[in-house]
Amino acid sequence: MMYDFLVDLFGNSTAASIIAGTIQSILPLFAFILPFALFAVYLERKVSAHMQDRLGPMRTGWHGWKQTIADILKLIQKEDIVAKDNDKLLFNLAPIIVFAGSYAAFAAIPFTSIFIGTEVDLGIFYIIAVTGIVVAGILMAGWASNNKYSLLGSMRSVAQIISYEIPTILVALSLVMISGSMSLHTLSEQQTGYAWNWYIFGGPGTELSKFLLIPFMFTGFLIIYISTLAEVNRTPFDIPEAESELVSGYHTEYSGMKFAMFFLAEYANMFAVSAIVVALFLGGYQSPVGYLGDLFNAPWLIPIEQFTWFTIKGIFFVFVQMWLRWTLPRLRVDQLMAASWKYLIPIAFVNLIIIGLITLL
Amino acid sequence: MKQAEEILQILKDNFPDSILELKTDQPTEPILIASPLEIDKLGLFLRDSSELLFDSLMNLSGVDEIKANLLSVYYHLESTKLKHKITLKVSTDRNKPEVSTVTEVWKAADWHEREAYDLFGIIFLNHPDLRRILMPYDWDAGYPLRKDYENPEFYQGMKVPY
Amino acid sequence: MKEYFGNIYSALATIFIGMKITFKHMFVPSVTIQYPEVKPQLPERERNRLYVNMDDCIGCDQCSRACPVSCIEIETTKSLPGEDLGKTSNGKKKALWVTNFTIDFAKCCYCQLCVFPCPTECIYMTDVYEFSEWERNKLVYDFATLTPEERQQKRDNLAKFNAEKEAEKLKAASEPKPEIKKDQPEEK
Amino acid sequence: MLAMRTEEMVLNMGPQHPSTHGVLRLELVLEGEIIINVIPHIGYLHRCFEKHCEAMTYPQIVPYTDRMDYLSPMGNEFGYAVAMEKLLGIQVPERVEYIRVIMAELQRISSHLVALGTYGADIGAFTPFLYCFRDREKILSLFEMTCGARLLYNYIWVGGLSHDLHPDFIRKTRDFIKEFRPNLKEVNDLLSHNRIFIDRTANVGILPVDTAINYGVSGPNLRGSGIKWDVRKEDPYSVYHKFDYDIPVGEGKYGTVGDSWDRYYVRVLEMEESCKIIEQALDQLPEGDVQSAIPKRIKPPVGHVYARVENPRGDLGYFIISDGSTSPYRVKVRAPSFVSMQVLNELCKGYMVADVVTILGSIDIVLGEIDR
């Protein structure tokens with residue numbers, strides 16, 4: 001939709017389509033991720049503060065809402081230290097790759113029914129592949145900063161992300177099996193109607209198989225939520241930047257704008273991951289209680305509503321990630337691996353098989 | 001619950017040749033004086049003999065008795081099982097202070113002896129690794145807690161007395 | 001197998017208990033106060049900066065002797081016999097000029113050991129705690145009330161008075177024996 | 001098959017490291033993640049306490065004892081007072097003894113709160129740290145009300161106290177204990193029984209009883225290994241014999257006896273016991289003048305004394321030799337953290353890097369006391 005509009009705007013040549021394509025993919029970044037990241041950093045400070053009986057930032061503006069802007073400005077004017085014996089190329093490349101990985105995932109996330117970054121049929125497959133790049137970025141960061149701690153930190157985080165991608169894929173697979181298509185867009189379309197049509201409650205339709213699915217969809221939801229937590233390095237899996245041992249893992253040596261890139265990438269990733277979970281299980285941009293647009297038959301209102309519903313659900317899950325961060329202690333590396341290989345993956349497999357049998361009914 | 005005299009008696013008949021005497025003139029505790037080079041055998045016996053069972057070394061402190069030109073070491077022993085305590089004292093002459101170590105008997109003595117060496121210069125024979133513990137490792141200006149100790153003027157280029 | 005599911009169950013159960021507690025604390029009012037605007041009110045026995053009320057101080061040097069870090073320096077000069085130095089609040093007659101009374105607050109450890117021995121209770125601790133400085137020697141407070149010239153003048157008088165006494169004694173010693181008896185009463 | 005050549009990697013943790021509880025350098029000899037040897041380097045915070053004492057008079061040493069274990073200064077002063085009164089043969093009035101017990105037990109709670117808070121923070125849970133410090137602030141304001149200072153009190157003198165209790169100290173302490181018990185239960189649910197916390201601490205750093213005794217370990221670290229040893233009961237001083245409280249001991253609830261979880265949980269239970277002692281002490285608090293037995297000039301007879309006190313980190317011993325003058329000839333302090341620090345190497349062998357932090361947190365050391 002956006003794309004065709006832009007192409008004929010620029011005169012239908014191949015150059016126009018390239019420009020239109022790039023604009024369309026850049027648009028979600030400026031329109032959504034940057035403001036979201038600013039808001040998420042502020043939200044994290046306030047949530048953690050009030051959970052710990054503190055007040056959080058109060059100085060900058062009413063209840064400190066300008067705090068994140070102040071942070072970004074501070075980080076921009078901070079000196080960008082590159083140590084003498086760092087591997088210059090990799091050192092500068094790493095934050096870009098990490099940010100690119102998490103930002104690219106936004107292209108395939110369905111914000112509303114009519115607007116979607118790029119209409120990709122292999123939605124889920126593309127997102128999981130793209131978030132894999134982040135691993136390479138982290139490894140580069142760890143190696144390039146030429147410091148024992150960063151090296152240890154990056155190796156650990158690589159092992160962690162890889163071993164937690166498997167349960168995510170398995171659960172996504174089980175969902176693709178039910179819905180028949182990989183594209184997140186169609187997945188969200190299938191979950192129309194009220195809340196009980198969502199996949200977490202067994203998906204559309206009213207046959208027996210829907211009710212049989214409910215318990216397994218719920219375990220699938222839990223597994224994918226836990227494993228995406230690990231992929232984003234959030235507690236209880238934040239070993240890479242475990243302050244107490246490795247002094248903040250792979251981004252110890254970074255400062256200034258490069259550190260801001262890592263920081264931004266983390267929050268963008270947080271939303272991307274919770275957006276995937278919402279798109280898969282909680283009906284993407286579908287509203288649980290029907291649309292106002294239908295009531296006042298104003299079709300132009302529906303996409304806006306869909307966008308708000310999507311962001312509300314996304315932010316709720318980002319809040320739950322923060323909530324977990326300020327409640328749970330951290331797992332040790334081997335326990336983390338054990339959790340993935342001994343608990344999440346076998347249960348995900350069993351879940352997959354049972355869901356497969358139920359869909360055959 | 002044994003008193004100091006009984007303990008002295010038990011030690012005397014197990015170690016006939018070593019010089020052992022009990023000093024009770026000063027307030028609050030009798031002190032059992034032993035010879036510095038036999039303290040490890042004495043310690044082993046004190047810990048392992050069934051009537052004494054001194055299994056815990058509470059405190060080991062070095063003292064510089066400059067008037068008598070002696071460096072002495074006080075051992076405060078305690079038995080957690082039989083609930084009695086004893087204080088041993090060992091003195092060596094100030095210029096060549098040598099005491100045999102009791103680290104094999106009580107592991108707690110390891111760092112206490114290193115501290116006594118670090119602050120007084122008492123050399124503990126066959127101690128696992130007798131290095132300075134509190135002062136910088138390469139502090140060459142003598143042993144700080146001795147009574148006749150003066151601060152060096154410079155330590156690696158830094159002025160010492162501020 | 002049972003232990004396998006037991007682990008899962010206890011993990012999830014304890015996580016939810018923990019989350020319930022932190023969520024409850026979202027609504028508990030927070031305990032932090034905004035310092036510069038809201039000052040904490042301190043109890044009256046607060047031990048912060050020392051204050052010396054100089055007109056009660058008789059220069060007895062008790063406080064500087066009691067101080068573990070010896071951060072109080074007092075210099076007193078004897079007053080001449082005739083001079084009157086006024087009385088302290090509890091009626092004690094003052095005999096010494098306090099020509100120098102400095103407390104070095106960079107060294108002071110605020111242990112209040114100097115407050116107890118003071119006979120006239122002229123040194124006590126206030127609850128002022130915002131007195132940080134840029135230079136360290138700015139923290140050396142001089143409490144003596146005499147101006148520098150007066151201090152110098154006091155010292156000169158004393159020196160002159162001592163010199164006179166010396167001269168008399170010399171003169172008395174050089175004369176023959178009978179003179180000694182007469183000098184004694186006059187000297188007091 | 002070519003044997004894989006792995007040489008050991010030496011990793012320096014500290015002296016400036018977020019989880020080493022102060023200025024301590026741990027030299028870890030690692031093979032991959034597994035620890036082969038831990039060599040602690042101490043002495044960064046050495047302030048020559050014992051040399052200072054030889055130049056000070058007896059009352060002037062009290063502010064110096066506060067600065068040794070800066071998390072439980074009341075305990076240090078109490079130890080010094082007990083030792084000096086034993087040497088001088090002074091009998092302090094009943095009221096002084098009761099107030100000292102109340103202050104020491106309040107200090108034990110505040111010191112254990114720091115231990116639990118930092119232990120949770122080491123393992124990754126940051127929130128209990130703030131809950132513990134919120135409660136500790138209440139205790140500090142209680143101290144501030146009685147003696148004017150929040151951290152270094154110079155309150156327990158040889159032969160008495162510097163101030164009597166503040167008029168509404170008793171009411172405020174009772175309110176504090178009423179509020180503190182549910183908070184303690186809350187931290188307990190949030191951290192102690194949390195499955196991840198248990199995985200991180202159970203069966204980690206197991207300290208068998210006989211090595212503990214041989215190393216001279218004492219306090220919660222020894223009680224965690226299952227032996228009921230507490231100076232307040234074994235070698236009673238002051239009026240502790242008048243209260244009934246029991247000594248919590250590690251039972252290996254979630255792992256073997258003597259692991260990090262036990263040492264941690266003994267501290268949690270001990271706080272409960274301290275509340276009991278404070279309540280009983282407040283009920284039986286007699287009247288009297290707290291400064292009656294303070295000698296004007298302390299000149300002890302020629303002699304020596306060794307006395308010890310149950311500090312939150314173990315039993316703290318003072319060995320004082322006096323030569324009859326107004327300042328001591330030699331003061332040697334047996335610091336509990338100095339002794340439990342030696343066990344670290346024994347505890348850490350074969351565990352992973354992340355466990356060094358756990359074990360170091362569980363033996364709860366304070367560098368001020370180790371380096372003196």
Side-chain angles (χ1 to χ4, degrees), chain A residues 44-56 146-160 226 229-230 233-249 252 322-340 342-343, chain D residues 9-14 16-21 26 28 30 32-35 117-135 137 183 186-187 189-204 261 264 351-358 360-361:
Chain A
E44 168 117 54
R45 283 169 184 260
K46 275 307 201 186
V47 159
S48 74
H50 285 291
M51 272 191 188
Q52 295 165 349
D53 294 350
R54 326 187 251 115
L55 282 177
N146 196 353
N147 132 7
K148 253 183 240 174
Y149 288 129
S150 315
L151 193 60
L152 262 177
S154 60
M155 275 197 284
R156 283 183 178 186
S157 66
V158 161
Q160 170 186 326
I226 293 171
L229 254 184
N233 297 343
R234 293 290 298 185
T235 303
F237 305 101
D238 61 350
I239 289 176
E241 68 260 350
E243 310 82 2
S244 53
E245 302 117 50
L246 302 174
V247 186
S248 93
T252 328
M322 292 174 188
W323 185 5
L324 280 171
R325 172 171 189 182
W326 300 109
T327 324
L328 300 177
R330 186 178 301 116
L331 273 171
R332 217 179 35 207
V333 176
D334 55 329
Q335 289 160 349
L336 177 127
M337 293 303 157
S340 164
K342 285 204 194 116
Y343 288 93
Chain D
M9 173 169 125
V10 175
L11 188 66
N12 264 323
M13 245 173 83
Q16 207 285 323
H17 188 280
S19 78
T20 46
H21 296 262
L26 285 182
L28 306 177
L30 298 175
E33 284 276 330
I34 307 300
I35 296 157
T118 45
Y119 196 42
D122 286 350
I123 307 247
F126 196 68
T127 317
F129 178 79
L130 285 152
Y131 294 162
C132 291
F133 266 68
R134 178 199 60 208
D135 294 336
E137 283 310 313
N183 291 349
E186 194 179 76
V187 172
D189 298 346
L190 182 64
L191 195 59
S192 320
H193 303 297
N194 186 310
R195 183 67 207 178
I196 298 173
F197 181 78
I198 291 165
D199 284 352
R200 279 296 297 275
T201 51
N203 293 328
V204 167
W261 193 84
Y264 158 85
Y351 288 98
M352 301 177 53
V353 179
D355 292 334
V356 169
V357 174
T358 317
L360 190 63

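Convention: sequence-line order gives letters A, B, ...; per-chain numbering from 1.
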Handout entry: Interchain contact, A:S48 with chain D, by part (heavy-atom threshold 4.5 Å)
Key = neither

Give the minimum heavy-atom separation between [X] and [Y], together with the two atoms involved.
{"X": "A:Q52", "Y": "D:L130", "answer": "OE1-CD1, 2.7 Å"}
{"X": "D:R200", "Y": "A:R332", "answer": "CD-N, 3.5 Å"}
{"X": "D:T127", "Y": "A:M51", "answer": "CG2-O, 3.9 Å"}

Exercise for the section: First locate atom CZ of A:R330, then atom CG of D:D122, and finally report the distance between them rounded to the nearest 0.5 Å. Expected result: 9.5 Å

Problem - Contacts of residues 191-198 of chain D with chain A (heavy atom under 4.5 Å) - result: D:N194, D:I196, D:F197

